[in-house]
Structure formats: C-alpha cells, structure tokens
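Notes follow the structure.
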Amino acid sequence: MEIAVFSTKKYDTLYLRPALEANGHHPHFLQTRLDNETVVLAEGYTAICIFVNDSLTAHGIEHLAKKGLKYVLLRCAGYNNVDLDAADKCGIKVARVPAYSPYSVAEFAVGLMLMLNRNLHKAYTRVRAGNFSLEGLTGFDMRNRRIGIVGTGKIGLLTGKICRGFDSDVVCYDPYPNIDRAKEYGMRYVSLDELLTTCDIISLHCPLLPSTHHMINSETLSKMKDGVMIINTSRGGLIDTVALIKALKSGKVGQVGMDVYEHESNMYFEDSSDSIMLDDVFSRLLTFHNVCITGHQAFLTREALENIAQETASNLEGFLKGIEPKGIVKI
Ligand code: NAD
C-alpha cells in the first residue's frame, strides 16, 4: 500500500520506513504539515500517517474520503487534531499510538522540574560565558516538597513515581482515579482544589478536552501557593497563557516549564530561526528567566520512536486483516 506520511522529520523516516516496508508497504515521506490547504497532497492514498500538529478537519476528511482514503494512522497518542465524527460518517478508520513510552514524557517532566529548581538553564549559559557566580542560582531540596500530579494516566503515574524517589510528598487528582496503582507508587488522591492550593510543583498530565481547556486560568492560578512551579508536558491548551503571564509578572507563579504551547501548531517542529517571531504572547514568555520552553520534545527518545513505528505498522496491519487494532480510536 502507498502511504503518505506527513510532517516527516529525519528521525521519523529512520524508524517508520523499516517498520512499514517490512510489511510490503511504500511510505512516501512528506515534510509538509497536513491542513486544509495541503490536503490535496493526500489525494489518492488509501492510508495517511500524521502527527500532533497535522490537522484533519471535516473538510479534509470529506475531501479525502472521495479520493479513496480509508485509514488515518496517528503516530502520536493525542487525537484532538482529527474530526472523528466526520471520519466515522465517511467510514474512515482512525488509529493512534496510545502508549509508546510514558517513561520518555515522565522523565522529561521531572527533568524540567530539576532544571528550573536548580537553575541549570542559567548555569549552563553563565559558565560558558566565564561567569562562575552562584548568585541567583539557589534552588530547593525536592525532598518533602509537595508535588501535584493532575491526571494519573500512564504518564502522570510514572511522573509521580519518579518524584517519590526524591522523597517528595506526591498528591494527585483525576476524575477517574487509579487508586491501586497510585497507592503502590506512594501517591494519594486529593481534590483538585486541595492540589491547587497546597502544592509547590504542579505537573499537568491530563488530555486536552473541552472540559480541560484553560483549566489553568486566572481563577485557578489565584488559588495556588505563591511561587508555585507549573510544568506542562501535556497539551498547551490546558493553560490560559495570557493569565499565566500575568501570574508570572506578579510573582504568583515562580517557575514554568512548558514542552507544549496552546498556539504551537504553526511554529513547533520547524527551524524558524531566520524568521521574525509573530506570536507576541510567546515572545513575552521567552523574556522570563524563570520560564523554560521546549518545542514538544518530551516524547523524543529512541525507545519511543521505535515503539511509535512498530505500533503504527501494527495498527495498519490490524485494519487490513480485519482485526481491531490496539490503537483504534472510536467516537
Ligand atoms: P492517559 O490517557 O493515560 O491519561 C490521562 C489521564 O487524564 C486519565 O487518567 C484521565 O482520567 C485523566 N483526566 C481526564 N480528564 C481529567 C481532568 N479534568 N483532570 C485531571 N485528569 C483528567 O494519557 P497519557 O498517555 O498519560 O498522556 C497524558 C498527556 O500527555 C496527554 O494529553 C498527551 O497528549 C500528552 N503527551 C505529551 C507528549 C509530549 O511529547 N509532550 C507525549 C505524549 C503524550
């Protein structure tokens, strides 16, 4: 089968090509991001493979359904970028890779906590410039600090487990709690309100849904402890960035680690270093010395890329053999 693979980077090709070719398929790797304008590039393909910032709207789906599209293979866990109702109506099957390496993201989230806490981002540039002063680099022991995990799915639970290794006090919130596993990892459930009001570090690990959009907003920020650290490796839309900037300016929020940004889709995964930054909100965020932003790289480990490739190939084989694949996305 000919498969159009959108938003391809070198690291995708390296892992996806052998996984798809092993089953006799012919992947066509395109660097282009899929959206309503570029959807013509997918015409005539039975399967397309897309990533987090590709966008498959009802318009795109209806158009491609007429051109023979049958399968959408998401090589990521989230599927908020695909209109599932439209896919269902057009008989197009959608699959994702629900868990490729929760360790990759959990370890990255904790990495951001440590970097911000111990000011490693500042120390790195200081020493390179010959500045060995320690002024302004004071951090805190993670031990006995209260860390709040919002969303105790695969990644949130592991993040909490790693934090327990520091002897931190880890509390968590999830409307669908996993009580046994959380207990096993030494975490305890509290109400969202208690988590927001009592934690020194708050790490977000829930999906972006209409109900979680801007869950971190001026009201929830005002409840938090002064100087709280917020980590978001989940989805940018969980945070109202304008409200976050206000809270950073007032000192309410002490540190922010963000691997995701609510308006990242036109920006992330590309080298735009020669272009003018047009997003004023993002530009303002970059001016804070206590904000660390990374470009949606938390997933990026060799193990995760290998798993993504294998699971994507296996999802396609499942569809072709009429066996419901593990990663099927249903409405
Ligand atoms: P998961 O589905 O295993 O867990 C999500 C958890 O969030 C579930 O337990 C669910 O009950 C809970 N939840 C739902 N609504 C909630 C709410 N209102 N408040 C609190 N919790 C709520 O997902 P996961 O694999 O752990 O992934 C978590 C997030 O990380 C997802 O948004 C995913 O898109 C993101 N992610 C980011 C990267 C990256 O590279 N930055 C990589 C993979 C996943």
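Just follow the structure's listing: the first ligand is 1, and inside any ligand the first atom is 1. Reckoned from all heavy atoms, side chains included, excluding hydrogens, waters and symmetry mates.
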Legend entry - No-hydrogen, no-angle side-chain donor-acceptor test under 3.5 Å, Thr294 and Asp259: yes
Hey, looking at [atom], which of [options] has the closest heavy atom?
atom: atom 12 (C) of ligand 1; options: Leu158, Asp174, Asn232; value: Asp174
atom: atom 37 (C) of ligand 1; options: Asn178, Leu157, Thr233; value: Thr233
atom: atom 44 (C) of ligand 1; options: Leu195, Thr294, Ile155; value: Ile155

With heavy-atom distances below 4.0 Å as the criterion, list the atoms of ligand 1 near [X].
X: Val150; value: 20 (C)
X: Val105; value: 38 (C), 42 (C), 43 (C)
X: Tyr100; value: 42 (C), 43 (C)
X: His296; value: 39 (C), 40 (O), 41 (N)
X: Tyr173; value: 19 (N), 20 (C)

Legend entry - Identified salt bridge (Lys or Arg N to Asp or Glu O under 4.0 Å) counterpart of Asp169 within the set Arg143, Arg145, Arg188: Arg188
Inset, instruction - State plainly whether the residues Lys9 and Glu270 are in salt-bridge range, i.e. N to O under 4.0 Å. - result: yes
Legend entry - Any Ser234 heavy atom less than 4.0 Å from ligand 1: yes
Inset, instruction - Check each of Arg146, Met224, Glu194 against Cys199 using the side-chain contact (heavy atoms from CB on, under 4.5 Å) test, and report the only one that passes. - result: Arg146
